[in-house]
K.L.:
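If you scroll down you'll find the structure; I have some questions about it.
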Amino acid sequence: MKKIKKSTIVKAKQASKHILEFYYMIPAVVTAKELTRTVRCVEEEAVDIWPELNLMEVVLEHDSLILQDGRECFIDPLDLEFIEENHIQSIFAVSYEEADEAMARKALKDMMTEKGGFLCSDTEDFTPMWTAETIA
């Protein structure tokens with residue numbers, strides 16, 4: 001029986017990951033630190049914050065839900081027009097492992113229920129979009 005290197009197994013697991021990416025847009029000034037207080041679907045120890053980066057992590061089963069300041073991602077005039085028309089004050093880039101989608105959406109629902117806003121796709125017109133009422 002041929003012995004498989006541990007690093008080969010880790011690389012295979014990492015290669016099989018499928019990371020989903022979205023934007024969480026909020027019509028109020030909200031920090032990652034404030035968002036950490038809204039997540040109730042996981043233990044408090046599973047939520048971490050890096051305030052100097054305006055970044056939060058929610059440890060899930062397969063990987064983590066990451067929200068980081070995403071305002072600088074938007075320089076296109078049409079994107080900026082959308083942001084202005086929707087009165088967006090805070091934008092977070094959101095990413096999580098597809099295998100964690102159900103729990104990630106619960107955490108995002110917790111955030112949207114308390115802070116408002118919507119989750120949107122990284123597409124030309126930001127669709128599809130989800131609110132606290134439609135994300136589940």
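Side-chain atoms are counted along with the backbone in the values below, which use heavy atoms only and exclude waters and symmetry mates.
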K.L.:
Does K106, at its NZ atom, have more than 12 non-hydrogen atoms belonging to other residues, nucleotides or ligands within less than 6.0 Å?
P.N.:
no
K.L.:
Quick check: closest heavy atoms across I88 and I91, and the distance to 0.1 Å?
P.N.:
CG2-CG1, 3.5 Å
K.L.:
Closer than 3.5 angstrom, by distance alone: can the side chain of D63 be matched with the main-chain N or O of E97 as a donor-acceptor pair?
P.N.:
no
K.L.:
What's the shortest heavy-atom distance between G116 and Y24, and which atoms?
P.N.:
O-OH, 2.7 Å
K.L.:
Should K109 and E114 be marked as a salt bridge (Lys or Arg N to Asp or Glu O under 4.0 Å) after you check the CA-CA gap, both sets of side-chain angles, and the distance that decides it?
P.N.:
CA-CA 9 Å; K109 181 177 182 167; E114 192 161 323; over 6 Å; no
K.L.:
Looking at D76 and L78, would you say the former's side chain and the latter's main chain have a donor-acceptor pair under 3.5 Å?
P.N.:
yes
K.L.:
So how far is it from M111 CE to R37 CZ, rounded to the nearest 0.5 Å?
P.N.:
13.5 Å
K.L.:
Check for a donor-acceptor pair, side chain of D110 on one end and backbone N or O of C41 on the other, with a separation under 3.5 Å.
P.N.:
yes
K.L.:
If I compare all heavy atoms of G117 with all of M112, which pair ends up nearest, and what's the gap?
P.N.:
O-SD, 3.9 Å
K.L.:
Do L108 and Y96 come close enough that some side-chain heavy atom pair is under 4.5 Å?
P.N.:
yes
K.L.:
Taking the side chain as everything from C-beta on, heavy atoms only, tell me whether F92 gets closer than 4.5 Å to L35.
P.N.:
yes
K.L.:
Show your reasoning for whether side chain to side chain contact (heavy atoms under 4.5 Å, CB included) applies to I19 and E21.
P.N.:
CA-CA 7 Å; I19 304 297; E21 298 178 325; 4.3 Å; yes
K.L.:
For M56, which of L65, T31, I49, D48 qualifies under side chain to side chain contact (heavy atoms under 4.5 Å, CB included)?
P.N.:
I49
K.L.:
Less than 6.0 angstrom separating the ring centers of F74 and Y23, yes or no?
P.N.:
yes
K.L.:
I'd like to check E84 versus H87 (side-chain heavy atoms, cut-off strictly below 4.5 Å). Are they in contact?
P.N.:
no
K.L.:
How far apart are the closest heavy atoms of S90 and V30, and which atoms are they?
P.N.:
OG-N, 2.8 Å
K.L.:
Would you compute the distance between atom CG of N54 and atom CG of L67 and round it to the nearest 0.5 angstrom?
P.N.:
9.5 Å
K.L.:
Applying a strict under-4.5 Å side-chain criterion to I, L, V, M, F, W and Y, I'd like to know whether F82 and V94 cluster together.
P.N.:
no
K.L.:
Please answer: with hydrophobic residues joined when any side-chain heavy atoms are less than 4.5 Å apart, are V39 and I135 in the same cluster?
P.N.:
yes
K.L.:
Look up atom CG in L53 and atom CD in Q68, then write down how far apart they are to the nearest 0.5 Å.
P.N.:
8.5 Å
K.L.:
If I compare all heavy atoms of V29 with all of Q89, which pair ends up nearest, and what's the gap?
P.N.:
N-CB, 3.7 Å
K.L.:
Quick one: are K115 and E34 in side-chain contact, heavy atoms under 4.5 Å?
P.N.:
yes
K.L.:
Can you see which heavy atom on T127 is nearest to which on S121, and at what distance?
P.N.:
O-CB, 3.3 Å
K.L.:
Indicate yes or no for a side-chain donor-acceptor contact from R71 to the backbone of D69 under 3.5 Å, with no hydrogens or angles considered.
P.N.:
no
K.L.:
Any side-chain donor paired with an acceptor under 3.5 Å for S64 and E57?
P.N.:
yes
K.L.:
Is there a path of hydrophobic side-chain contacts, each under 4.5 Å between heavy atoms of I/L/V/M/F/W/Y residues, joining I26 to F118?
P.N.:
no
K.L.:
Say whether L80 and M129 are linked into one hydrophobic cluster, either directly or through other cluster members, by side-chain heavy-atom distances under 4.5 angstrom.
P.N.:
yes
K.L.:
Does M25 belong to the same Ile/Leu/Val/Met/Phe/Trp/Tyr cluster as L119, with side-chain heavy atoms less than 4.5 Å apart forming each link?
P.N.:
no
K.L.:
Considering residues, nucleotides and ligands other than I75, do more than 12 of their heavy atoms fall under 6.0 Å from its CD1?
P.N.:
no
K.L.:
With rounding to the nearest 0.5 Å, note down the distance linking CG in L60 to CD1 in I66.
P.N.:
9.0 Å
